[in-house]
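Worksheet: the structure to be examined is printed underneath.
First the proteins, then the strands, lettered A, B, ... as listed; each starts at 1.
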Number of protein chains: 2
Amino acid sequence: MTLRHAVLAALLDEERSGYQLAKAFDLGVANFWYAKPQQLYAELARLEQGGLISGREVVQDGRPNKRMFTVTGTGLAELEKFTAATAKPSVLRDDLMVKVQAADRVDTDTLIAQLTDRIGFAQDKVDLFERLLRTMRGERAEAEFLRHGRPIGPYLTCLRGLAFERGNLDWCERAITVLRDRQAAADA
Amino acid sequence: MTLRHAVLAALLDEERSGYQLAKAFDLGVANFWYAKPQQLYAELARLEQGGLISGREVVQDGRPNKRMFTVTGTGLAELEKFTAATAKPSVLRDDLMVKVQAADRVDTDTLIAQLTDRIGFAQDKVDLFERLLRTMRGERAEAEFLRHGRPIGPYLTCLRGLAFERGNLDWCERAITVLRDRQAAADA
DNA sequence: CCTGACTAGTCAGTTTCTTGAGTATCATGG
DNA sequence: CCATGATACTCAAGAAACTGACTAGTCAGG
């Protein structure tokens with residue numbers, strides 16, 4: 001039941017529509033949680049029913065109407081409760097790790113191709129997160145922003161996302177080097 | 001359907017029982033995938049039915065009998081196919097990230113307490129992974145092992161696990177520092 | 001002697017997540 | 001002028017994961 005709280009957290013800063021949330025929780029962007037649009041719309045419906053968020057219809061011309069949501073007092077209380085509860089620590093769960101785990105018995109070139117793909121993806125995310133951080137802190141230096149800037153929550157989670165993708169990048173590069181070296185040694 | 005392949009990958013090096021796998025895929029240990037025992041036993045049954053692994057009964061005295069599993073040729077072929085298929089990139093999905101995302105509106109001390117808990121957990125995993133790596137490479141220096149040691153797959157995934165937990169550790173420490181500084185600034 | 005932990009699993013039920021398709025309108029590019 | 005692609009969602013079905021309880025024997029500690 002964390003999607004619930006992830007949605008609440010995402011709506012804290014400002015009113016957002018389901019569609020906007022769907023963009024923010026997208027695979028290519030997600031910096032603190034990931035979910036499909038269908039999940040989000042379902043969750044928004046449940047949250048509204050429970051009174052944790054409230055929605056208002058915005059009539060637009062030139063495009064479909066939308067519903068904008070804000071967190072209610074009850075919703076904020078729920079988030080506070082969630083924050084106080086002990087979190088189960090997250091673990092890595094990554095297809096690529098499974099493939100590398102099998103490195104000894106699986107075709108090396110195939111594996112290197114996968115690692116190379118991942119480098120591309122990780123690099124894109126690194127770039128994205130760096131842009132995002134710059135946008136958030138604006139003119140200020142990072143130390144300045146960290147001390148007084150707002151909102152600080154999204155900035156901190158974005159920092160984690162950045163470090164994570166850099167970690168992926170470094171690891172993929174290292175793994176490729178190792179696999180190539182071994183391949184060369186085996187061929188010799 | 002990656003649990004399937006994670007199990008195959010875990011059985012590659014040596015024959016293992018469901019119970020051993022359950023230990024290996026445990027929250028406190030998992031270095032490349034996480035799953036509950038019930039999931040594993042169910043998956044093992046399916047894999048055996050499909051002929052991807054084969055099990056043999058081992059009669060023990062003093063403790064319950066167990067079934068040891070090994071990957072068949074069909075199983076290895078399936079892993080090979082999986083390796084060649086494009087993997088969906090993993091994203092972070094962590095309760096703690098959600099809590100930090102809400103940092104601006106949620107009690108700071110509560111949040112710091114959560115971050116501190118996580119530091120403890122992450123430190124334990126860092127220690128565990130470092131021990132594991134030492135065990136795997138034995139007497140050899142790391143560069144030596146990376147070039148010729150076997151199995152290399154588990155070593156590489158363990159390296160990723162280690163870097164990930166170090167990342168958690170650093171981020172939690174940084175977040176705590178930032179939150180405390182801001183708290184001090186706000187009180188002044 | 002009893003409790004709790006370890007080995008080695010199984011069963012049932014629910015929640016959560018993913019897949020895939022569908023609706024409808026408007027703006028943009030070739 | 002026609003095809004994308006963006007905006008803004010909805011519905012249904014299936015796969016994967018999680019929760020919680022239960023069996024049953026062994027061994028060590030208090």
Is there a donor-acceptor pair under 3.5 Å between the side chain of A:Trp171 and the backbone N or O of B:Gly161?
-> no
Calculate, to the nearest 0.5 Å, the distance between atoms CD1 and CG belonging to A:Ile112 and A:Leu179 respectively.
-> 5.0 Å
The helix from C:dC1-D:dG30 to C:dG30-D:dC1: angle between terminal helix axes, five bp per end, to the nearest 10 degrees, reads 40°
Heavy-atom donor-acceptor pair, B:Glu57 side chain to B:Asn65 backbone, under 3.5 Å = no
Short question: side chain of B:Glu173, backbone of B:Leu115 - any donor-acceptor pair under 3.5 Å?
-> no
Do B:Asp187 and B:Gln183 pass the side-chain hydrogen bond (donor to acceptor under 3.5 Å, both in side chains) test, and can you show the C-alpha distance, the side-chain angles, and the key distance before you say yes or no?
-> CA-CA 6 Å; B:Asp187 289 350; B:Gln183 213 176 22; 5.8 Å; no
side-chain hydrogen bond (donor to acceptor under 3.5 Å, both in side chains) evaluation trace for A:Asn168 with A:Glu165 = CA-CA 5 Å; A:Asn168 275 335; A:Glu165 291 301 343; 3.3 Å; yes
What string of B, S and - do you get for nucleotides 7-17 of chain C 5' to 3' if you count protein non-hydrogen atoms under 4.0 Å?
-> BBBBB----SS
Pairs flagged by ring pair (Phe, Tyr, Trp, His ring centres under 6.0 Å) wherever residues 12-39 of chain A is involved - sequence neighbours left out | A:Phe25-A:Phe32
